[in-house]
Structures are given as structure tokens and as C-alpha cells.
2 protein chains.
Amino acid sequence: MTVSRALRDPDKVSAKTLEKIKAVVDRLGYVPDPAASALAAGKTNVIGVIVPSVTNNVFSDVMRGIYEAAEGSKWQIQLGNSRYSPLEEESLVRTFLSQKPAGLILSGLDQSEETSKLLMGADCRIVQIMECGPDPFDMMIGFSHVDASAAATRHLLDAGYERPGYIAARLDPRSQRRLAGFKAAAEKAGVFDPARIVTTPRASTVTLGCELVADLLSKAPQTDAILCNNDDLALGALFECQRRGLRIPEDIGLCGFNDLEMMAAANPPVTSVRTFRLAMGREALRMLTGALAGIEPETPVVDLGYEVIARQSTARVG
Amino acid sequence: MTVSRALRDPDKVSAKTLEKIKAVVDRLGYVPDPAASALAAGKTNVIGVIVPSVTNNVFSDVMRGIYEAAEGSKWQIQLGNSRYSPLEEESLVRTFLSQKPAGLILSGLDQSEETSKLLMGADCRIVQIMECGPDPFDMMIGFSHVDASAAATRHLLDAGYERPGYIAARLDPRSQRRLAGFKAAAEKAGVFDPARIVTTPRASTVTLGCELVADLLSKAPQTDAILCNNDDLALGALFECQRRGLRIPEDIGLCGFNDLEMMAAANPPVTSVRTFRLAMGREALRMLTGALAGIEPETPVVDLGYEVIARQSTARVG
DNA sequence: TTGACAAATGTTAGCGCTATCATTTTCAAT
DNA sequence: ATTGAAAATGATAGCGCTAACATTTGTCAA
């Protein structure tokens, strides 16, 4: 028993017994069995993380933040990939909960009703990431996608573009809100035209960015700026515009979303909405482990904001 | 006991008891406790996966393959991020092994001596991925990085380039082997010049691709083709060359490595060495779960090969 | 020195499963 | 019906740890 205590909470054991125990543990190469611990204690050090994609750069940055923050702690990250499917998410939540996790990190606000029920009844702390919204299950960290894309839209208008279009792939809830932000800002400025919106349910790729721009320009050749739902599409848009001999930013303005590292390196550098993905992952884990240690966050919902990074691709002259 | 059997191996139970059990399980919403099962059976359904990076596109593709292949099975994927550090890898192996995993998937051939010792003594199946080599711990699936980059180098020479250079970031073991492949092929053709090799220990980014090209061209302005250690660098190289007014492929040829989706969409499309990352992940998991089910792979080492995808960026005219 | 109290350590039971072996049931062949 | 073997089911113990409480040791003021 004292050994068990020494290993879990060294402060509860006198210095010299601790020493002795450590020596023996080293000599024997003893490693505690997490399964036995989990069974006896009725809980684990597992933190379940559910993301909709493991390949999307956005989520890999978030994951990195989570892994970095968990590094060296007792917390075990367990990753689940819901592949943008609420049903798979539900099944993952079920699996995770059966493991009696200490905490759960989920993406977005749009859990299915069944998932919500599971989460309400769950005996663990929960952090929702990627977005900000009114009714967290427990805690939440993210930003407003509507506001961010509205701000990007205004930036295009401020730069002198008059007929902005929007391209988007895989309309997951966050993409839809970004589209809604664009629509709202464009309508408010009186420049909204549904013909300048091109979307597809397909997963977003650079190639798809090319195709969507081709579509957009054939439907609405007068388009003079494109807000892209993400940076992969923006990169494709850049290539496609260049292939068509369109000058950026003179003939057409280009704005991405997320500000992946490549946007600054592109030729010309591409304007994008910076989001704080690494910080989001890191802080999500910190909030969670903090709460598990009894330190509640100041507010349950943390808004990390966004930043429109203006670059040459929207620096219209004249 | 019969219930336990019914849930784990329904064939061992008569049809009508199975039915009864299922009904009760449904009614009660019973979910087995994996910790108790792990403790009693002395093993788990956990498959530990250790990758050096969660953000690198290459590994996220592999991970996706693994997750897809594990989808719906009883196998639980547990992901560890070694961040290219053999020490962190060792610590992850230790953590994973304490969980009595059914299997382990590791990246590369270059485990530390200590890690090797742990793995030798481990009571689980092991698959090494990303590379092919002579002495697998158990099973292995990947390809030869030396051969692949040598082939890319020959492609550049065949295309008429005479002074090929090489840029690389973060010289992990696989990058080093790719560099070695380039060197060997260039030397064999009598066109090797160490002045045309630029490397940095920094992590690879598109921006870094720009910088490395700038470096290379200032050190060796006569360079007429660049083999990039990966596609991020290649994208940066593309942008940087264009910024400098170099015509691709006329003035300079460009070749990436991995053939990420964006290479085909670029302007001009960029030649790259295609690697089969998704398949590698998928097959690694299949080999592992197959072996766990008693079906040994035909050969312990599987070579997935590679393919040089020639595109406009190396289509030199004249 | 003593007593009172806190700190440190020890005892016991049990977490929810599964391996193993024992028993019962089933069913085909006599 | 009877038998024997196989199939199905059941009883028991124990996996390695921790919660809860019990006991011992240490510390300090009176």
C-alpha cells in the first residue's frame, strides 16, 4: 500500500521510505499495471480526443498542441477519428466512455442528440474545441467562424473588391458557419450574389480548389475576389488563377482561411485568416487537466479569436 | 461466464442463449469494462502506434490508413508522438508495453539500443513501417528511401539536367538515406557536387523551402535542377524560383518527394516520387491483426515500392 | 514523562472480468 | 432406452491494484 502511495503521490510518504521504494522499483524494473489501477480506482488517466480528421492540417496542429501539453504528464491521450460523421462520433464517445476516461476533448458544437445524452451522463470533464458557442457541455475553447469569415469578407471589400465569391468543400458545420459569415457580410454591403458561391460535398484538396475556381469563374466571370473556405482551396485557387493568366491581386483577390504556414511563402503571399490551432489544443488540454486538478477555468468558454493577415494577394492597386 | 463467452466469441455459445444474452445486454445497456478484461486476461486490444510527427502530412496519411483499417474492429489504436527523438520513442515504448498491448507499430529502422532491448523482450507483435531493411524485429512494411531518391535523381538526369542540387530539412534517418540515394546516383553519373547540397536541422516548412533554394542558388548559381527532400520544400522551391523569375522547367527543374496531392495541382505541376502512405498504414495494421489472428504474412518484410511521377516541372525542352 | 494529535504505514476487501476445470446437456449411434 | 462423446454451461479463483479504515510511529506542548 505504501508503495502504491509512493508511486502515485510521493508527498504522502516519508522521504526515506520513498528512497527505499525508488531503489527497489529501479532494481526490479517494476512498472505499475494501468489496467489493475483502472479497475481498482474506477477511473483512468486517459483523455479521449475526438477529431473529424487526422489528415487535415488544422486538426493535426490542434493534436500537436494537445500532445505537447500532455507530454511528460500522467495523462494518456487517446485519439479517435470521427471522419466528419456524427454517427462515428457517437460510437467513439461510447467506446471512450466505457474506458472511464478522466476527460474528453470533442470537436465542435454539433453533437448528435444521442451523443449529447451520453455526454450529459458522463462522469468526466469535457472540453469542446474549434468553436465558441453558448451552451458548453462543460468547457469550450475556440473562436467564432461566422465572425472570422465576415471579417475576411470585409477585408476584401475594404481592399476595393466589389464582387466577392466564395468557394467551399465538405460543408461540415464550421464550413457552413464560415459561409454564413461571408453571406451576412456580403449582404450587409449589398454585394451578395448566390451565383458567386460554389460548394461541393467532396473533401477539400488543392486540386479541388482549382476546380471550384474554374466553376466559379465560368458561372460568374465578373468575380473579382475569392474567399476560400480553407487554405488548401486557396492554394488551388492561386494555381488556377495563375494558369488562367489572371493577375493576383490586380485582376482577382484571394483570401484563405486558417493561415497555414505556406500562405506566407506563396507567390504572391496569400491573405488568410489566422487561427490559433496549436494554442487551442494546448489550452484545451490545460483547461481539462486543470479542472481535473480542481482548478476551474475563469470562464467555461474561452474565445481565442482570429486575425486577418493581409498579404499581397488582396493588395489591390487602384 | 457464458455471458463473457457470448460477448467475446459468440460461436462458442448456443444460438438461443446468445439471443437471450443479447436481449438482456441491450436492455441493461451493459458495456464490458476493458480494464477488468485487461487485468483478468493479461492482455489488451490496444495497438500502439508511434510516429515521429502528427503534423507531417506523410504520417497523417499513414495514420489515416491505420485508423481506417482498424475501424469497426475490436482493435484500439493508441497513438504516440516521438517528435523525432529516440529518447521519447523509448519512453513511449515503455509506456505502451506497460499496457500489455496486442501489437506495436513503429516508424523506421533506427530504434535506440535500449528500445531494441525492450522490443525484443516484448510479448507482442511488432510492425515497423516507413522503410524496408534487413533485420525486422518482427514484421516490416515500407520502401527503400535510398532507391527512391536515386530513381528521382536519375529522372532528373534523364530529363537533361546536368547540375542537380538537393535541399533537405530535419535530417532524420529517412531523409539521410534519401540524401544518400541522391549522392550515390549523382556520383555514379559524375555530376555530384557537394556545393549543391543544402541542408538544415530545422523542421521542414514551405518557407524553409524558399530559404534553402535561396541558399543553394547563392552557393551554386549554376544549379539547373533541385531534388527536394519532401513536397513542402518543393512547394517552397517552386514559389522561390518563380519569385526569382526562373522558368520551370526550362531554367530549373524541380522534383519533390512523396507526391502529396498538391503537387499535381501546382502551376506548373511538380514532379514527385509517389509513396504509398495510406496503403502502408492500412497494410501495417492488416499484417499486425492478421498475425494476431494466427495468419502470418507471406514474407515478414513487405516492400511497397515507389513511383517517380514525371510532371511538367522536370519536362525540360532542348 | 505523559498525553494528544498528526503523520506515516499497514490491513482488508473488492473492483469486473477471464482461465481453468467441473458439470450438465445434447444428440447420434447402438 | 442406453451409452459415449462432444457441446454447452457453470463454479471457482485470482489478475494487480486502490479506497477505506485501522494501526503504528513521530512530534511537541504541558
Side-chain angles (χ1 to χ4, degrees), chain A residues 1-48 73-76 78 94-103 121-124 292-294, chain B residues 1-48 73-76 78 94-103 121-124 292-294:
Chain A
M1 193 56 229
T2 303
V3 173
S4 171
R5 243 182 314 242
L7 264 33
R8 281 180 299 154
D9 195 348
D11 297 346
K12 292 232 173 89
V13 158
S14 75
K16 73 166 188 274
T17 13
L18 184 58
E19 198 109 333
K20 257 195 289 184
I21 289 172
K22 269 188 183 161
V24 177
V25 162
D26 272 4
R27 188 158 56 74
L28 266 46
Y30 168 82
V31 181
D33 180 335
S37 163
L39 180 57
K43 65 181 181 203
T44 63
N45 292 330
V46 168
I47 292 177
S73 75
K74 65 176 179 178
W75 303 107
Q76 284 277 322
Q78 185 118 353
R94 220 179 279 277
T95 309
F96 280 155
L97 287 183
S98 81
Q99 299 186 44
K100 316 232 175 79
D123 178 30
C124 71
L292 290 168
Chain B
M1 193 56 233
T2 303
V3 172
S4 171
R5 242 182 314 244
L7 263 32
R8 283 180 299 155
D9 196 349
D11 296 347
K12 292 232 173 87
V13 158
S14 76
K16 75 165 187 280
T17 17
L18 184 58
E19 198 108 334
K20 259 195 288 184
I21 288 171
K22 270 188 181 159
V24 177
V25 162
D26 273 3
R27 187 158 54 74
L28 265 45
Y30 167 82
V31 180
D33 180 334
S37 163
L39 180 58
K43 64 183 183 199
T44 62
N45 293 330
V46 168
I47 292 177
S73 75
K74 66 174 178 178
W75 304 108
Q76 283 277 322
Q78 184 117 353
R94 221 179 278 278
T95 309
F96 279 156
L97 287 183
S98 81
Q99 300 186 42
K100 314 234 176 79
D123 179 30
C124 71
L292 289 168

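So that the names make sense, note that chain A is the first sequence line, chain B the second, and so on, each numbered from 1. Every heavy atom of this structure was used, including side-chain atoms; hydrogens, water molecules and symmetry mates were not.
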Nearest whole Å is fine: how far is dT18(C) P from L39(B) CG? 11 Å

Using a 4.0 Å cut-off to any heavy atom of chain A, which nucleotides of DNA chain D are the first and last in contact, reading 5' to 3'? dG16(D) to dA20(D)

Measure all distances between protein nitrogen or oxygen atoms and nitrogen or oxygen atoms of nucleotides 19-28 of chain C, and list the pairs falling under 3.5 Å.
unit_1: dA19(C); atom_1: OP2; unit_2: R8(B); atom_2: NH1; d: 3.1

Within a strict 4.5 Å, meaning less than it, do heavy atoms of the I47(B) and C124(B) side chains meet? no

Q76(B): partners by side chain to side chain donor-acceptor pair (under 3.5 Å), with sequence neighbours left out: Q78(A), Q99(A)

Restricting to side chain to side chain contact (heavy atoms under 4.5 Å, CB included), what partner residues turn up for A102(B), sequence neighbours left out? W75(B), L292(B)

Classify the nucleic acid contact of P34(B) as base, sugar-phosphate or nothing, counting any heavy atom under 4.0 Å across all strands shown. nothing

Only pairs at least two apart or in different chains count here, so list each side chain to side chain donor-acceptor pair (under 3.5 Å) that has a residue in residues 34-47 of chain B. none

Can you give me the bend angle of the helix from dT1(C)-dA30(D) to dT30(C)-dA1(D)? Use the axis through the first five pairs and the one through the last five, nearest 10 degrees. 30°

S4(A): what forms a side chain to side chain donor-acceptor pair (under 3.5 Å) with it, not counting sequence neighbours? R8(A)

What is the distance, rounded to the nearest whole Å, between atom NZ of K74(B) and atom P of dC17(C)? 16 Å

Give me each pair satisfying salt bridge (Lys or Arg N to Asp or Glu O under 4.0 Å) with a member in residues 13-22 of chain B, each pair once, sequence neighbours excluded. none

Listing request: all salt bridge (Lys or Arg N to Asp or Glu O under 4.0 Å) pairs with a residue in residues 24-40 of chain A, at least two apart in sequence or in separate chains. D33(A)-K100(B)

Mind checking what makes side chain to side chain contact (heavy atoms under 4.5 Å, CB included) contact with V31(A), not counting sequence neighbours? S98(B)

